There are 2 protein chains.
Amino acid sequence: MRRQILDRALRLFAEHGFKGTSLHDIAVEARCSKASLLYHFAGKDAILAELLTPPAESLTALSGELAVLDGDRAVEPAVTGFIGLALRFHLEVKIIFAELPDMLNHPVLAVIPQAVDQLADALAGRSQEPRARVRAQMVIGGVAVTVASDVEVEPDTMRTELVQGALRTLGRPTS
Amino acid sequence: MRRQILDRALRLFAEHGFKGTSLHDIAVEARCSKASLLYHFAGKDAILAELLTPPAESLTALSGELAVLDGDRAVEPAVTGFIGLALRFHLEVKIIFAELPDMLNHPVLAVIPQAVDQLADALAGRSQEPRARVRAQMVIGGVAVTVASDVEVEPDTMRTELVQGALRTLGRPTS
DNA sequence: GTCAGGGCTGACCGATCGGTCAGCTACGGT
DNA sequence: ACCGTAGCTGACCGATCGGTCAGCCCTGAC
């Protein structure tokens with residue numbers, strides 16, 4: 001039942017946004033009562049937090065791995081690692097980019113922005129130049145939006161093209 | 001007063017999202033009563049529609065200009081034109097990318113997706129190849145997210161770097 | 001048989017939402 | 001001096017929101 005609730009809530013949040021989805025909507029989709037949702041979860045926020053915990057932890061883990069690599073060597077792992085996570089959690093990515101700004105009160109979600117900042121740092125090759133920061137931001141946005149959109153492409157084609165596209169964006173021709 | 005309302009509503013919608021902003025919030029920010037909002041506008045949706053009409057019209061106009069250009073020649077104008085619009089309407093871009101999916105009922109907003117599709121078509125150089133579609137989507141997402149984010153960069157640096165980054169993403173080295 | 005407790009529910013609550021309405025105020029035309 | 005009207009407001013409305021609570025049902029232990 002918990003699984004069912006989380007599964008349906010994930011789809012609804014991704015489609016209509018967090019604020020755009022009511023507990024009633026989730027209950028109908030999961031074929032249970034609204035009160036049942038609140039038996040399994042402390043509240044609506046708790047459902048979102050539990051949904052976004054796996055991608056948040058994976059992202060912070062990636063940031064940790066990248067932190068030990070210096071400048072140039074961090075770029076390619078950052079690209080492939082981020083794209084891997086984005087593809088794996090594409091629905092969660094859609095939720096995060098849609099309405100994260102308000103949800104930052106919750107401790108689980110608060111770690112996401114700083115992890116993204118560290119990711120941007122790695123993508124920029126530890127450079128503080130404005131031009132490098134812009135490139136990094138373009139990669140993050142491009143990957144996130146593309147993964148969240150419903151372009152009909154085979155998964156491996158999508159992955160390779162995202163990686164190559166990101167590397168070109170950063171001015172790093174494909175090796 | 002209308003100007004005041006639209007100005008404050010734009011900022012609030014961009015910051016907290018459309019659903020995340022109440023008429024009360026706008027009224028407080030605009031220093032007037034909630035009833036006054038609904039004297040000037042037919043409803044909350046009408047405020048959003050009026051805010052998004054200028055960028056929507058500009059976008060459809062750009063699509064029209066690009067439609068008469070064939071394949072290769074459409075790419076660069078598409079890049080520079082889209083980036084120009086995105087920079088000019090950066091707050092509106094943030095609103096659109098955050099919660100457009102639900103608002104498509106309104107006729108003013110319904111034209112946006114098809115205009116974006118035509119833009120993607122031009123960015124892909126009229127190619128139907130999956131790889132080209134992915135690249136185009138990456139450019140749209142990268143530009144939109146970068147413009148909507150608050151990276152602190154001088155406007156002209158931002159513009160030139162966005163254009164060059166987009167062209168690199170598309171595999172078109174800067175001329 | 002019975003009892004305890006986890007899973008679940010309908011009924012209900014206060015808060016807040018978008019929106020309506022009668023009426024107040026200020027002011028320009030005659 | 002009078003009036004029409006544009007601008008604006010407080011009070012109020014029904015709907016919907018997230019969340020609470022007493023209690024029902026079922027099953028497994030003894």
Side-chain angles (χ1 to χ4, degrees), chain A residues 1-53 92 94-96 98-110, chain B residues 1-53 91-92 95-96 98-110:
Chain A
M1 185 79 262
R2 270 182 67 97
R3 298 281 183 184
Q4 177 100 344
I5 292 172
L6 287 174
D7 184 59
R8 305 298 176 162
L10 176 59
R11 293 183 210 279
L12 287 172
F13 287 163
E15 190 171 358
H16 306 291
F18 179 70
K19 295 194 194 69
T21 303
S22 70
L23 293 178
H24 175 73
D25 296 335
I26 303 174
V28 169
E29 202 72 13
R31 291 182 223 287
C32 71
S33 72
K34 191 179 66 171
S36 181
L37 300 182
L38 296 155
Y39 167 77
H40 288 290
F41 300 93
K44 194 186 179 188
D45 290 357
I47 300 178
L48 179 67
E50 188 151 331
L51 284 175
L52 297 189
T53 293
E92 290 86 347
K94 198 167 184 177
I95 299 172
I96 291 173
E99 343 195 19
L100 188 82
D102 291 337
M103 303 287 125
L104 299 185
N105 304 330
H106 208 289
V108 175
L109 313 184
Chain B
M1 184 79 264
R2 270 182 66 97
R3 299 282 184 183
Q4 177 101 344
I5 293 172
L6 287 174
D7 184 58
R8 306 298 177 162
L10 176 59
R11 292 184 210 279
L12 287 173
F13 287 163
E15 190 171 357
H16 305 291
F18 178 71
K19 295 193 193 68
T21 304
S22 70
L23 293 179
H24 175 74
D25 296 336
I26 303 173
V28 169
E29 202 72 14
R31 292 182 221 287
C32 70
S33 72
K34 191 179 65 171
S36 182
L37 301 182
L38 296 155
Y39 167 78
H40 288 289
F41 300 94
K44 194 185 178 188
D45 290 358
I47 300 178
L48 179 68
E50 189 151 332
L51 283 174
L52 297 189
T53 293
L91 287 178
E92 290 86 346
I95 299 173
I96 291 174
E99 343 196 17
L100 188 81
D102 291 337
M103 301 288 125
L104 300 185
N105 304 329
H106 207 291
V108 176
L109 314 184

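Computed over heavy atoms, backbone and side chain alike; hydrogens, waters and symmetry mates excluded. A, B, ... follow the sequence lines: proteins, then strands. Residue 1 opens every chain. All values reported here derive from a predicted model rather than from experimental measurement.
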Problem set entry | Proximity to the side chain of A/Ala35 - top-ranked nucleotide from D/dG18, C/dT9, C/dT20 | C/dT9
For this session: Mark yes or no for a side-chain to base donor-acceptor pair under 3.5 Å between B/Lys34 and C/dG19, with no hydrogen or angle criteria applied.
Result: yes
Exercise. Above 12 or not: heavy atoms from other molecules or residues under 6.0 Å from NE2 of A/His24?
Worked result: no
For this session: Compare side-chain N and O positions of B/Tyr39 against OP1 and OP2 of D/dC8 and report whether any pair is under 4.0 Å apart.
Result: no
Problem set entry | Over 12 non-hydrogen atoms of neighbours within 6.0 angstrom of CZ in B/Arg31 | no
Exercise. Rounded to whole angstroms, how far apart are CG on B/Leu12 and P on C/dC17?
Worked result: 13 Å
For this session: To the nearest Å, give me how far apart CZ (A/Phe41) and C1' (D/dG18) are.
Result: 16 Å
For this session: Test B/Arg11 against B/Glu29 for salt bridge (Lys or Arg N to Asp or Glu O under 4.0 Å), laying out the working first.
Result: CA-CA 10 Å; B/Arg11 292 184 210 279; B/Glu29 202 72 14; over 6 Å; no
Problem set entry | Residue B/His40, side-chain atoms from C-beta onward, closest of C/dG19, D/dC8, C/dG10 | D/dC8
Exercise. Between atom CZ in B/Arg31 and atom P in D/dT9, what is the gap in whole Å?
Worked result: 13 Å
Exercise. Can you tell which of D/dC21, C/dC12, C/dC8 lies closest to the side chain of A/Ser36?
Worked result: C/dC8
Exercise. Taking atom P of C/dT16 as reference, at what distance in whole Å does atom NZ of B/Lys44 sit?
Worked result: 15 Å
Exercise. Whole-Å distance between D/dA15 P and B/Lys19 NZ?
Worked result: 22 Å
Problem set entry | Value in whole Å for how far the C1' atom of D/dC8 lies from CD1 of B/Ile5 | 10 Å
For this session: Can you figure out which of C/dC21, C/dG19, D/dC8 approaches the side chain of B/Leu38 most closely?
Result: C/dG19
Problem set entry | Side-chain N or O of B/Ser33 closer than 4.0 Å to phosphate OP1/OP2 of D/dC8 | no
For this session: Would you mind reading off the distance between B/His24 atom NE2 and C/dT20 atom P, rounded to a whole angstrom?
Result: 19 Å
For this session: Examine distances only and state if a side-chain atom of B/Lys44 and a backbone atom of B/Thr21 form a donor-acceptor pair shorter than 3.5 Å.
Result: yes
Exercise. Between C/dG7 atom C1' and A/Gln4 atom CD, what is the distance in whole Å?
Worked result: 15 Å
